[in-house]
**Student:** 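Provided herewith is a single structure, encoded as structure tokens, for subsequent inquiry.
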Amino acid sequence: MSVRVRFAPSPTGHVHIGNIRAAIFNWLFARHHAGRFLLRIEDTDRERSTPEAVQAILDAMAWLGIQYDETPLYQSTQHPRHMEAAESLLRNGHAYKEDKGGTGQGECILFRMPGTDMAFHDEIKGDLSKKAADMKDFVIVRSDGSPVFHLANVVDDITQGITHIIRGDDHVENTFRHVALYQALGAPVPRYAHLPMIVNAQGKPYSKRDGAAYVGQFREMGYSAEALFNYLTLLGWSPGDDREKMTREEIISAFTLDRVKSAPAQMDLRKLTHMNGLYLAELPLSEFASGVRRSLSRLDWGQNLDEALFLNVCRLMQSRTPLFSQSETWKYFFIDPPEYDEKAVQKNLKKEGARTALETIQRHLSPSDFSDSSIHAAIRKAEAEMGVGEGKLNQALRVAVTGSSIGAGIYETMAVLGAPRSLTRLKYAIEQLTS
RNA sequence: GCGCCCAUCGUCUAUCGGUCAGGACAUUAGGUUUUCAUCCUAGUAAGCCGGGUUCGACUCCCGGUGGGCGCGCCA
């Protein structure tokens, strides 16, 4: 039988990283087995479900390249089927009506657990079982006539012909109920696989309070979809060898449920960031540029930048940019005069000999020949004239021209900046910032 | 409280009874470079505890401890 899996989020807010990881694992499983990956929007909670949240789910999936097969199923359209199932359970004695009282809400429908011990095989956790005494009957239809999650979820999975249910660890206990429902409904029980949770440094479920927790946030922070996808894949799973940075095809072909761990995994933003840097570095310039543009567009100085200059800056900075959002430190390339970092100025410019050094450099620099190699040569001459070692003048020059003590090679930086701007800044620094 | 699950460097992980317990991130020290980053080299760093089983346990079993999840007319 061919594999059919699904991602069944409820559209009640942003897309949590743990949820999207479940989607990724389902998708990987489907692709590995040449099966189908379906999307079901569990929008029965009318109070909390919103169209915006549905869109957020669609956006997150599209961004990460998790394509679903077939038309998405909206759970709210399945109400008749849910009720039909409840009626049939009522008829054959697997369910009964009762007024649980207390709040005077009237009668609801409860599912009658079989009263026997239960067991199922989890593809990740192995054989799991539970004693009859530890399982209670549960509500499947509220007194207001609406179906509860357990019923709707199982009925929809039957409707969609789901063969494998891959979901978060927090659903393990529900599985006994769901298996009983399948059996009472006379449907074949699917295979189950429960993914370990993603936790924070305290071992608690990873939440928005631990930094970024939603897919949209990672995107805003400048992570690339491929890097996030790859990293998430490594949380609770590994290919079995030392590979980490892998292409999608490699992951698909290596992905099996028996290699998924059952212990919770802690999110490590530093490792994600490192991996992101590897991905950004190998992006075609145009793609890197568009990621940066997206990030910069939020800044007051980041819009309508000179295209040729922008591309040159991207080319220069790409290999040292671990996050798109780090481009916010590139302001000095575009805005004159640059913002001078006080500490850098104190350390490199306000010192004995700085003025003379910069003046010497100024004399050797030729506005008509401003390639990085000729700038390089000019600096070497200045150093020779002053009797200092190679590279000794670089930092002072860097601070004078960019205002910052960090950046790409200063010769390349100046070449990108161009002679007029570089020389103007140098002149300004000599006159105003040295002492 | 009851039930279920989990446990290898700080973190993510490899190991499916015999390994100097490997890799990656982070970290430390060098090197390259012009600062930062990249890159290269090297280093520090792990089997929760206690019992068994076995010629031999990180690996299998039991107990303990710790942690997580569940116990809704939420999903």
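Lettering follows sequence order; numbering is per chain, from 1.
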**Student:** Please report, to 0.1 Å, the donor-acceptor pairs under 3.5 Å made by any side chain of residues 272-291 of chain A, with sequence neighbours excluded.
**Tutor:**
unit_1	atom_1	unit_2	atom_2	d
A:Thr273	OG1	A:Tyr223	OH	2.8
A:Thr273	OG1	A:Leu269	O	2.7
A:Asn276	OD1	A:Ser224	N	2.8
A:Asn276	ND2	A:Gly222	O	3.2
A:Asn276	ND2	A:Pro322	O	2.7
A:Tyr279	OH	A:Asn230	OD1	2.5
A:Tyr279	OH	A:Met246	O	3.2
A:Glu282	OE1	A:Lys245	NZ	3.1
A:Glu282	OE2	A:Lys245	NZ	2.9
A:Ser290	OG	A:Glu287	O	3.1

**Student:** Test of understanding: with ring-ring contact (aromatic ring centres under 6.0 Å, His included), list the residues that count as partners of A:Tyr428, not counting sequence neighbours.
**Tutor:**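 Once residues adjacent in sequence are excluded, the partners of A:Tyr428 under the ring-ring contact (aromatic ring centres under 6.0 Å, His included) criterion are A:Tyr340.
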**Student:** How far, in whole Å, is B:rG30 from B:rC36 if one measures between their P atoms?
**Tutor:**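 Each nucleotide's P atom is 13 Å from the other's.
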**Student:** Can you name the nearest heavy-atom pair linking A:Asn200 to A:Pro205, along with the distance?
**Tutor:**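 Result for this residue pair: ND2-O, 4.1 Å.
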**Student:** Would you tabulate the pairs of protein nitrogen or oxygen atoms and nucleotide nitrogen or oxygen atoms of nucleotides 32-34 of chain B closer than 3.5 angstrom?
**Tutor:**
unit_1	atom_1	unit_2	atom_2	d
B:rU34	O4'	A:Asn394	ND2	2.5
B:rU34	N1	A:Asn394	ND2	3.3
B:rU34	O2	A:Arg398	NH2	3.1
B:rU34	N3	A:Ile410	N	3.3
B:rU34	O4	A:Glu412	OE1	3.4

**Student:** Among residues 344-359 of chain A, which contact RNA chain B at a heavy-atom distance under 4.0 Å?
**Tutor:**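 RNA chain B contact set from residues 344-359 of chain A: none.
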**Student:** Once salt bridge (Lys or Arg N to Asp or Glu O under 4.0 Å) is applied, what residue pairs with a partner in residues 172-181 of chain A remain, sequence neighbours excluded?
**Tutor:**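 Sorted pair list: A:Lys130-A:Glu173.
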**Student:** Nearest-Å distance, OH (A:Tyr279) to P (B:rA37)?
**Tutor:**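 Distance check: A:Tyr279 OH to B:rA37 P gives 23 Å.
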**Student:** Pairs in or reaching into residues 82-91 of chain A: which pass side-chain hydrogen bond (donor to acceptor under 3.5 Å, both in side chains), with residues at least two apart or in two chains?
**Tutor:**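 Those involving residues 82-91 of chain A are A:His82-A:Asp156.
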**Student:** I'd like to compare against my own output: the B/S/- annotation of nucleotides 41-47 of chain B with a strict under-4.0 Å heavy-atom distance to protein.
**Tutor:** -------
**Student:** For RNA chain B, which residues of residues 312-335 of chain A approach it to below 4.0 angstrom with any heavy atom?
**Tutor:**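 Output list: A:Arg320.
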**Student:** Check side chain to side chain contact (heavy atoms under 4.5 Å, CB included) between A:Ser373 and all other residues, then give those that pass, not counting sequence neighbours.
**Tutor:**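 A:Ser373 satisfies side chain to side chain contact (heavy atoms under 4.5 Å, CB included) with A:Ser371 only.
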**Student:** Under the side chain to side chain contact (heavy atoms under 4.5 Å, CB included) rule, collect the residues that match up with A:Ser129, sequence neighbours excluded.
**Tutor:**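 Applying side chain to side chain contact (heavy atoms under 4.5 Å, CB included) to A:Ser129 gives A:Ala119.
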**Student:** According to the Watson-Crick and G-U wobble definitions, with both distances under 3.5 Å, which nucleotide is paired to B:rC60?
**Tutor:**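 The answer is B:rG52, by the H-bond criterion.
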**Student:** Looking for any heavy atom pair under 4.0 Å, which part of the strands does A:Ile140 touch: base, sugar-phosphate only, or nothing?
**Tutor:**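 Since no nucleic acid heavy atom lies under 4.0 Å of A:Ile140, the category is nothing.
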**Student:** Give A:Ser146 one of three labels, base, sugar-phosphate or nothing, depending on what nucleic acid heavy atoms sit under 4.0 Å from its own.
**Tutor:**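 Answer is nothing: A:Ser146 stays at 4.0 Å or more from every strand.
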**Student:** At a cut-off of 3.5 Å, list every protein nitrogen or oxygen paired with a nitrogen or oxygen from nucleotides 22-24 of chain B, distance to 0.1 Å.
**Tutor:**
unit_1	atom_1	unit_2	atom_2	d
B:rG23	O4'	A:Asp242	OD2	3.4
B:rG23	N2	A:Glu244	OE2	3.0
B:rA24	O2'	A:Glu244	OE1	2.6
B:rA24	N3	A:Lys271	NZ	2.9

**Student:** Under a 4.0 Å N-O cut-off, is there an ion pair linking A:Arg363 with A:Glu359?
**Tutor:**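 Between A:Glu359 and A:Arg363 there is no salt bridge, as every charged N stays at least 4.0 Å from the carboxylate O atoms.
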**Student:** Give me the distance, rounded to whole Å, that separates B:rU8 from B:rU19 when you measure between the C1' atoms they each carry.
**Tutor:**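 14 Å, rounded to whole Å.
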**Student:** Would you tabulate the pairs of protein nitrogen or oxygen atoms and nucleotide nitrogen or oxygen atoms of nucleotides 58-69 of chain B closer than 3.5 angstrom?
**Tutor:**
unit_1	atom_1	unit_2	atom_2	d
B:rG68	OP1	A:Lys204	NZ	2.2

**Student:** Can you tell me if A:Lys100 touches the phosphate of B:rC73, counting only side-chain N or O atoms and a distance under 4.0 Å to OP1 or OP2?
**Tutor:**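 So the side chain of A:Lys100 is within the cut-off, an N or O lying under 4.0 Å from OP1 or OP2 of B:rC73.
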